[in-house]
Structure formats: C-alpha cells, structure tokens
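Here the structure is laid out as structure tokens; the discussion comes afterwards.
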Amino acid sequence: MFMRYEGEAWEGRFLPRLTSKQVKELPKDDALIVLPIGAIEQHGPHLPIMTDTLIGEATLTQALAKLPPEANVWLLPPVSYGKSNEHLGLPGTISLSAATLQGIVMDIAESLKLSGFGRLLLFNTHGGNVDLLNVVAREIRIRHGMTVFYLAPSSLGGAVDLIEPEELEYGIHGGDYETSIVKAIKPGWVQDEFLVREMPNVGDKRFLTLEGTIRFAWRMDDISASGICGDATKATAAKGAIIQERITDTLAEALVELCAFDVSDVRLGAVSKTGAEVPS
C-alpha cells in the first residue's frame, strides 16, 4: 500500500527536504528534477477525486526506490491540480486554467534554472494536461535552454495482456486500468459498491477517436453519464499491482537514461547526396 512521504523517494530523493546549502552543493551536470503533475477531478462514483495525483505519487514512490544509489534524480512536490475544465460542473472537480498551469510550470522551471539545474521531467498523470505540457516543455527549452522531458507513465505499457483491447482504447477515465491501480495502492479509497461500466459510442467510427487518429473536442458530460469511460467492474488489485510493478521497473531504467542524455548529441550534421558534409 502507498504511504505518502515515506520511503526512499521522500527521504533520500525529495529535493525540498534538503537545505539551501545542500541544494547548492549538489552536482548539477547529470541531475534530473522530476515534477509530478496530476489533477483533482471527478472519477465517477467509485474513485477519489485525487486519483490522477495519487497514481503519480505512488508510481514515483515505487520507481525511485528502484534506482541505483548513484542516480542523480530528485523529486519535487506534486502539482496536484491540473487543467480539468472538461470536468467542471461535476462535483469535486477543481481545475486550473491553461494559462495558470502554464504559468506555474514555467515559474518552477525558471526557479530551478536559477538554482543551477538543467534537466526537468514533466511527469504527467492526467490526460487533460497532455497537449499543454508538451507546449510548455518546448517553451521552457526555448526560454531557459533547459533539457525538458515529458512522460505519462501509462505510455510505458504494462497492461496489454491484462486489460481488454476495448478498454485499452476507450477506457480513458475511471475504468479498469485506473481502478485496478487505485485498488492496489490505496484500496480503502475505492467504493466497490458503486463500480460502473460505461463505454463511449464511437466504436463504429472509422476515423474518429477520443485520443487517437482524428480527435473531437469534448466535455465529460458529452461522452459519459456516469463520469467515467471504461469498465471499472473488471478492476482488481492484483492487476493493478502487476501494472505498477512493470511500469516502475521501466520507469527506473528510463530515469537513469534521462540523467545521461544531452540534447546536443542528437544533431549529427547533414550529409549531401554525394556524401559530403553540409556546412551549418
């Protein structure tokens, strides 16, 4: 079970736990700062409104405990609120505007730069933040010259053989995937008596999807009566534990790679048709 502010992530790798002197003395060349960004929003009748933020914190707690001791990875306090205006009007949802969230992340990045850090990972666990955070990542790169990464842990896989294909495609909010994870990390926060199944009616469309080929703009109440998209009735803690174990294994390896990455290594230089180098 996930315990907040306990374990290696919150004791040995929690940046605000250090003093100003300790932060100044940290080696910065390969330091990676991780900023978790989640959401506080309705997740149907069975999941807590903190689901996205909770999953992000629990995932990083488990992954950072798997890092080798020499990995120079540091965790920031989560930005618990996200851009959740697609859920506004549904009880419990608290949303930041796009401009506010962008400003918060940009200000945090500027502060980190002034403290000497050059690598930042935007670790996102809310679908409504995705497009904005990719824009913000590039803005930070342009404005401050930092190396900025974006990652959603669900993109690391771990569920293909556990979750049905329809659910993987359409279960984007409060379904089997998220409910299984919350059952594994904070079981007392799931209201089992209110588990529900509701799938959006787009399965017969050739091109239109919720988050794929051709998207359409939607509010939650456009696509769901219950506030979820997916099948929470199939969720189990066992599935959630397996998914989390797999994702955090991969994430720990990925974080080590990000510490060693230098964006200047990507550009190899252009070569002409004849094989001659093209002047830059």
Side-chain angles (χ1 to χ4, degrees), residues 5-38 56-80 101-125 129-130 132-157 247-271 277 279-280:
Y5 297 135
E6 292 187 7
E8 174 64 16
W10 305 97
E11 290 290 340
R13 297 189 179 276
F14 192 42
L15 190 71
R17 188 183 182 280
L18 304 181
T19 66
S20 178
K21 178 178 182 293
Q22 288 173 313
V23 172
K24 181 179 179 180
E25 293 172 353
L26 277 180
K28 306 296 195 305
D29 288 347
D30 63 345
L32 174 69
I33 306 299
V34 181
L35 176 62
I37 306 168
E57 290 183 7
T59 301
L60 286 167
T61 298
Q62 191 170 348
L64 268 60
K66 297 179 177 182
L67 288 174
E70 67 275 12
N72 199 3
V73 178
W74 295 92
L75 178 64
L76 288 178
V79 176
S80 297
L101 181 56
Q102 177 171 346
I104 289 170
V105 178
M106 292 293 295
D107 286 351
I108 290 172
E110 180 179 10
S111 300
L112 291 170
K113 179 68 174 180
L114 291 172
S115 288
F117 295 103
R119 283 185 181 82
L120 174 63
L121 169 61
L122 305 181
F123 187 85
N124 176 46
T125 47
N129 293 336
V130 174
L132 175 65
L133 291 180
N134 276 300
V135 170
V136 171
R138 182 162 290 170
E139 290 299 307
I140 295 169
R141 174 66 186 162
I142 292 168
R143 187 176 301 182
H144 300 300
M146 299 178 73
T147 299
V148 189
F149 309 97
Y150 169 87
L151 172 63
S154 58
S155 69
L156 300 177
I247 285 177
T248 56
D249 282 348
T250 304
L251 178 57
E253 293 180 11
L255 293 174
V256 173
E257 181 173 298
L258 299 188
C259 287
F261 176 77
D262 190 326
V263 69
S264 65
D265 294 337
V266 174
R267 193 174 76 172
L268 296 177
V271 178
E277 289 191 13
S280 58

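Values reported hereafter were calculated over all heavy atoms of this structure, with side chains retained and with hydrogens, waters and symmetry mates removed. A quick note: this is a predicted structure, and the numbers were derived from the prediction, not measured. Count residues from 1 along the sequence.
Residues R143 and M106 form a side-chain contact, since some pair of their non-hydrogen atoms from C-beta on lies under 4.5 Å apart. Inter-residue side-chain proximity for R119 and I33 is flagged as unmet; no heavy-atom pair is nearer than 4.5 Å. By the 4.5 Å heavy-atom criterion applied to side chains, T59 and L251 are counted as neighbours. Looking at heavy atoms from C-beta onward, V256 lies in side-chain contact with P68 at the 4.5 angstrom threshold. No side-chain heavy atom of K24 sits under 4.5 Å from any side-chain heavy atom of T19. The side-chain heavy atoms of L101 and V136, taken from C-beta on, include no pair separated by under 4.5 Å. In this structure the side chain of V130 reaches within 4.5 angstrom of the side chain of N124, judged on heavy atoms.
A distance below 6.0 Å separates the ring centres of F149 and F261.
Between N72 and P27 the shortest heavy-atom distance is ND2-O, 2.9 Å. Of all the heavy atoms in S155 and L151, the pair that sits closest is OG-CD1, 3.7 Å. Between A252 and L67 the shortest heavy-atom distance is O-CD2, 3.4 Å. Across F123 and G56, no two heavy atoms sit closer than the pair CE2-O, 3.9 Å. Residue W74 comes nearest to G12 through the heavy atom pair CZ3-O, 3.4 Å, listed as atom of the first residue, atom of the second, then distance. Nearest approach of L75 to F14, heavy atoms of both residues: O-CD1, 3.4 Å.
Note: L255 CG to L60 CG = 7.5 Å, rounded to the nearest 0.5 Å. Separating the NZ atom in K28 from the OG atom in S115 is a distance of 7.5 Å, to the nearest 0.5 Å. Of the inter-residue distances, the one linking Q22 atom CD with L15 atom CG reads 10.0 Å to the nearest 0.5 angstrom. Here the CG atom belonging to D30 is positioned 11.5 Å from the CG atom belonging to D262, to the nearest 0.5 angstrom. Between E110 atom CD and M146 atom CE the span is 10.5 Å, to the nearest 0.5 Å. Going from atom OG of S111 over to atom CG of L76 covers 10.0 Å, rounded to the nearest 0.5 Å.
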>> Could you go through L35 and L121, starting from their C-alpha distance and side-chain angles, then the distance that decides it, and tell me whether this counts as side-chain contact (heavy atoms from CB on, under 4.5 Å)?
In response: CA-CA 6 Å; L35 176 62; L121 169 61; over 6 Å; no
>> Evaluate N129 against L122 for side-chain contact (heavy atoms from CB on, under 4.5 Å), listing each step before the verdict.
In response: CA-CA 10 Å; N129 293 336; L122 305 181; over 6 Å; no
>> The test is side-chain contact (heavy atoms from CB on, under 4.5 Å); show your working for V105 and I37 and say whether it passes.
In response: CA-CA 9 Å; V105 178; I37 306 168; 4.0 Å; yes
> L64 and E8: side-chain contact (heavy atoms from CB on, under 4.5 Å), yes or no, with the steps?
Replying inline: CA-CA 7 Å; L64 268 60; E8 174 64 16; 5.6 Å; no
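Distance alone, capped at 3.5 Å, is enough to place a donor-acceptor pair between the R13 side chain and the V73 backbone.
With a 6.0 Å radius and a threshold of 12 heavy atoms from other residues, nucleotides or ligands, E70 has its CD atom above the threshold. Taking a 6.0 Å sphere around CG of D265, one finds it holds more than 12 heavy atoms contributed by other residues, nucleotides or ligands.
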